[in-house]
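Here the structure is laid out as structure tokens; the discussion comes afterwards.
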Amino acid sequence: MQAWQVHENGEPSEVMRLAETERPTPGAGQVLLRVRAANVNFPDALLCRGQYQVRPPLPFTPGVEICGETEDGRRVIANPALPYGGFAEYAVADARTLLPAPESLDDAEAAALHIGYQTGWFGLHRRARLEAGETLLVHAAAGGVGSAAVQLGKAAGATVIGVVGGEKKAAVARELGCDVVVDRRAEDVVAAVKEATGGRGADVIYDPVGGEAYTQSAKVVAFEGRIVVVGFAGGTIPTPALNHALVKNYSILGLHWGLYNTKNPELVRHCHEQLTELAARGAVKPLVSERVPLAGAAGAVQRVADGVTTGRIAVVPENGAAA
């Protein structure tokens, strides 16, 4: 089979190599999956760079999120068990973690209804307890993680403010349903959010960026607001001033979704049921901005690493069946 492999750490476009390899052999409790579609996530770039919290042995195949097919023909969503990731014709996953792919979504969309949407659901509902009528601010609202949070926020009845970088991404955020869109390259984010909220600020802030985005969040969070920290795509990990959180009476909430797979796997399945129902009635629909063949995976991961994409890029092997 064909699979992308990383033999040394570095930028994805430089260290990912497409090679002919043997199909992986599942270990105890694992299954072999034919990859129908694999979505590109920012962690794939971090894996290539050796900067992710998980560091698989070299060489490894990146690709942390797929829609695959079992040997008995079932369409499933899975997080491949590294080092046999999803940018290949076949991958390996733990049998107990497989989730049924929603019938309402094609392969690429189904693969995307996992990490980003699970993170959004846990962040907004489990951690921040977002309520209908509240204001939600989403940083990087046109990206893979942000676009999921925007849709989930709208489905929950919130007013959604999306912060983006550039006119193209602003247009995408509006199409996703943002009530207010702020282009950080052309506007003062803090002033724009305060104006949009009548000076009150946002009740919940969803931040997958860190750095300057977090600094802005602390300035526009409302009384008893909640800042949900889900990642640091901007490259800088902020150091919150806890005296500021005390004076303004807001909460800083961390979210590492992957922990729920071991700490509370039943809640992950419950979340998937909720997401499947939302997808079935059209309340959420993953934004797959591009579908590329397996040969285009390295370039796709690099574009995600560079922050120039919107929504999700799906890698579709020739043996896949994504529409």
### Salt-bridge criterion met for Asp179 and Lys154 (N-O under 4.0 Å)
yes

### Query
Can you name the side chain to side chain donor-acceptor pair (under 3.5 Å) partners of Asp203, sequence neighbours left out?
Arg200

### Message
Rounded to the nearest 0.5 Å, what separates atom CD1 in Ile227 from atom CD1 in Ile205?
### Response
5.0 Å

### Query
Should we count CZ of Arg75 as having more than 12 external heavy atoms under 6.0 Å?
yes

### Message
Among Trp257, Tyr206, Phe122, which residue satisfies the side chain to side chain contact (heavy atoms under 4.5 Å, CB included) criterion with Val230?
### Response
Tyr206

### Task
Going by the salt bridge (Lys or Arg N to Asp or Glu O under 4.0 Å) test, name the single residue among Glu109, Glu69, Glu89 that passes it with Arg36.
Glu69

### Leu294 side chain reached by Val35 side chain, heavy atoms, under 4.5 Å
no

### Task
Evaluate the side-chain proximity of Gln151 to Leu176: yes if any heavy-atom separation is below 4.5 Å, no if none is.
yes

### Query
In terms of side-chain geometry, is the basic nitrogen of Glu273 or Arg269 positioned less than 4.0 Å from the acidic oxygen of its partner?
no

### Query
Above 12 or not: heavy atoms from other molecules or residues under 6.0 Å from CD of Glu212?
yes

### Query
Are any non-hydrogen side-chain atoms of Tyr260 and Leu255 less than 4.5 angstrom apart?
yes

### Asp44 (side chain) donor-acceptor with Val64 (main chain) under 3.5 angstrom
yes

### Gap between atom CG of Leu33 and atom CD of Gln30 - 0.5 Å precision
10.0 Å

### Task
For Tyr250, check side chain to side chain donor-acceptor pair (under 3.5 Å) against everything at least two apart and list the hits.
His244

### Query
Is any side-chain heavy atom of Val163 less than 4.5 Å from a side-chain heavy atom of Val209?
no

